[in-house]
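Let me give you the structure first, and then I'll get to my questions.
This one's a predicted model, so the numbers in the text were calculated from it and none came from an experiment. Each chain gets a letter, A, B and so on, in the order its sequence line appears, and its residues count up from 1.
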Amino acid sequence: MEEIKGQEEKSERSLNFIEEIIEDDLRNNVNESRVHTRFPPEPNGYLHIGHAKSICLNFGLGKKYQGKTNLRFDDTNPVKEDVEYVDSIMEDVKWLGFDWEDRLYYASDYFEQLYEYAIILIKKGKAYVCDMSAEEISETRGTPSRPGKESPYRSRSVDENLELFSRMRAGEFPDGSKVLRAKIDMASPNMQMRDPVLYRILHATHHRTGDTWCIYPMYDFAHGQSDSIERITHSICTLEFEVHRPLYDWFIREIGIYAPRQIEFARLNLSYTVMSKRKLLELVQEKQVKGWDDPRMPTICGLRRRGYTPESIRNFADTIGVAKRDNVIDVSLLEFCIREDLNKKASRIMAVLNPVRVIIDNYPDGIVEEMEAINNPEDETKGKRHLPFSKEIFIERDDFMEDPPNKFFRLAPGREVRLKAAYIIRCERVVKDPGTGEITEIHCTYDPQTKSGMPDSNRKVKGTLHWVSAKHAVEAEIRLYDRLFSKENPDDAEEGKTYKDYLNPDSLKLITAKVEPSVRNAGISEKYQFERIGYFTVDYDSTPENLVFNRVVPLKASW
RNA sequence: UGUCCCGUGGUGUAAAGGUAGCACCAGAGAUUUUGGUUCUCUUGGUCUAGGUUCGAAUCCUGGCGGGACAACCA
């Protein structure tokens with residue numbers, strides 16, 4: 001019953017253009033009505049939120065159409081790749097909540113098969129060994145508006161090509177001395193079709209195949225064929241590969257193997273951050289951030305450490321949709337997604353980030369009351385907890401004003417406020433530091449009849465403040481994160497500037513806060529809402545002796 | 001100055017020739033022991049010029065604008 005309803009709701013939702021293609025294929029019984037996708041990262045860096053979009057898309061499609069999704073490492077360039085990245089990528093995909101089951105593959109698994117495919121092309125006269133240098137090849141490729149020139153080696157005989165290619169594999173030639181090229185069309189308006197390189201010589205140790213190979217296939221010669229070998233039905237990639245599609249199809253056709261269909265979508269751009277691997281790497285290497293998992297980074301591991309949940313990221317990916325036009329998603333949508341999730345899940349606690357001491361003059365000395373507080377008003381099952389209350393407490397300095405404007409609902413001389421889960425208090429006077437003029441103590445009186453739950457506590461007061469008992473509060477390091485860049489699109493730099501000129505100098509502020517004692521033993525990654533402030537998570541650096549919280553996102557503030 | 005792709009509120013994304021909808025953002029109000037949440041409401045859009053049609057965001061043509069492609073990277 002539940003399930004039928006769920007399916008109905010799903011089918012009512014409009015399809016994105018990829019789903020339309022798939023459903024069309026399903027209707028026409030293309031690929032025996034199978035759906036098989038793949039997520040194909042190169043293990044040369046950490047995954048970011050843009051990859052999350054692709055992961056959610058590919059695995060989401062597999063699930064939606066009762067198909068399968070592979071994880072495949074596109075590891076054809078040994079000089080850039082490393083197992084460190086393989087491991088982190090697997091961790092991130094799992095954390096996001098997806099499962100490739102037994103379908104973990106590597107392009108390097110197919111090196112032998114790919115080599116055989118190359119032989120097929122050579123034998124058909126569709127590939128040749130070229131002795132030109134990289135510079136020469138580049139020079140003779142032409143420009144987008146001018147045709148290229150054919151290589152003098154283009155007309156080598158099949159036998160000579162076969163022999164040369166075999167000797168390339170055998171390690172007889174140094175790096176860069178020869179390549180295998182497809183023989184297509186040097187005058188093609190599509191640059192990708194101007195005799196692209198299929199294999200290059202690289203005497204480098206591969207993280208999986210070691211020194212077995214000294215020739216490595218290029219992306220174009222590996223990707224489509226890998227898709228074909230895995231019998232991928234819909235090979236989904238980003239827009240910049242659109243011009244590669246004719247080549248993708250050409251290889252498949254000329255080799256004569258199963259033909260997957262490549263479909264391109266627009267990659268995710270997020271405001272106030274950068275997404276390119278090169279730039280993220282630079283930020284890490286130049287120590288602009290503390291590492292790949294710095295909570296300001298748009299990496300999956302950064303977002304995880306920041307306190308984002310897999311659900312929130314999946315929901316984000318769902319909400320932004322999939323299309324072909326370039327887009328920049330506002331971070332506020334990402335923030336909305338994590339607030340929405342954490343609002344339901346996070347226990348509320350009281351924490352005072354910028355404390356000022358309040359003394360309740362008419363409250364008895366030496367008494368400690370246990371106040372009952374609701375853990376999550378959105379979820380009754382989360383229960384209640386007890387908070388110590390005493391004569392001296394801390395409130396936020398911002399929650400007091402000596403000379404308040406009329407829309408200020410908080411504490412001020414002569415005004416009453418409610419202390420959440422405790423009493424209504426009235427400010428009587430303040431004590432200032434004679435030197436600096438800074439307020440050091442706020443003296444109040446409380447109304448004993450207004451303890452939460454008592455009839456008089458229903459009295460209307462304008463403001464409700466959070467607080468912690470001075471004697472019982474625990475100190476905690478708080479890391480207040482803000483957007484990494486102060487410019488919406490840091491890539492759009494003015495003359496003579498780079499994206500790094502727009503780094504936000506205030507993207508991290510460290511403070512020491514007073515938090516309620518119940519969180520003393522909070523576990524790593526535990527999420528909380530600091531009442532009236534924002535969502536926070538326990539950082540990896542945190543210990544019971546030295547609590548550390550990261551601010552995930554502030555609460556929405558509307559005044 | 002070639003080929004290809006793309007133009008819908010501020011940002012995303014729907015509408016497959018027939019009422020331009022949804023989400024975020026912004027603004028207003030109600031509720032609230034969180035200035036949170038929840039609820040209600042509001043502002044605001046089809047790049048442009050023609051054409052086809054009873055009717056065009058949708059089809060056609062031109063223009064304009066944005067993007068991709070000239071790594072032995074992916």
Within the modelled atom types, does a donor on one side and an acceptor on the other bring the side chain of A:Arg348 and the base of B:rU34 under 3.5 Å apart?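 Such a pair is found, so the answer is yes.
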Here the distance between atom C1' of B:rG67 and atom CG of A:Leu239, to the nearest Å, is 8 Å
Check every strand shown and say whether A:Ala266 touches a base, only sugar-phosphate, or nothing at a heavy-atom separation below 4.0 Å.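 No contact.
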Check whether any side-chain nitrogen or oxygen of A:Ser138 sits under 4.0 Å from OP1 or OP2 of B:rA71, and answer yes or no. yes
Using a heavy-atom cut-off of 4.0 Å across all strands, would you classify A:Arg141 as base, sugar-phosphate, or nothing? sugar-phosphate
Measure CG/A:Asp220 against C1'/B:rC69 and give the value in whole Å, please. 12 Å
For A:Glu416, the option from A:Arg459, A:Lys462, A:Lys460 that meets salt bridge (Lys or Arg N to Asp or Glu O under 4.0 Å):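 Looking at A:Arg459, A:Lys462, A:Lys460, the match for A:Glu416 under the salt bridge (Lys or Arg N to Asp or Glu O under 4.0 Å) is A:Arg459.
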Could you check whether A:Val322 gets within reach of a base, just the sugar-phosphate, or nothing at all, counting any heavy atom under 4.0 Å?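 Touches sugar-phosphate only.
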Could you tell me whether A:Glu20 contacts a base, only the sugar-phosphate backbone, or nothing, with contacts defined as non-hydrogen atoms closer than 4.0 Å?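 Base, at least one base atom sits under 4.0 Å.
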B:rA14, B:rC69, B:rU34: which one has an atom nearest the side-chain heavy atoms of A:Gln192? B:rC69
Could you check whether A:Ser332 and A:Asp330, counting side-chain N and O atoms only, form a donor-acceptor pair closer than 3.5 Å?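 A donor-acceptor contact under 3.5 Å links the two side chains.
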Which residue pairs pass the salt bridge (charged side-chain N to carboxylate O under 4.0 Å, His left out) test with at least one member in residues 191-205 of chain A, sequence neighbours excluded?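 Sorted result for residues 191-205 of chain A: A:Arg154-A:Asp195.
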Under-4.0 Å side-chain N/O to phosphate OP1/OP2 contact, A:Arg200 with B:rC73: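 For A:Arg200, the contact criterion (side-chain N or O under 4.0 Å from OP1 or OP2 of B:rC73) is met.
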Would you say the side-chain atoms of A:Arg410 pair up with the backbone N or O of A:Asp398, donor to acceptor, closer than 3.5 Å? yes
At under 4.0 Å, does any side-chain N or O of A:Lys460 touch on OP1 or OP2 of B:rU33? yes
May I ask you to verify if any side-chain N or O of A:Thr76 is less than 4.0 angstrom from the OP1 or OP2 atom of B:rC73? no
Looking for any heavy atom pair under 4.0 Å, which part of the strands does A:Glu531 touch: base, sugar-phosphate only, or nothing?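 Since a base atom lies under 4.0 Å of A:Glu531, the category is base.
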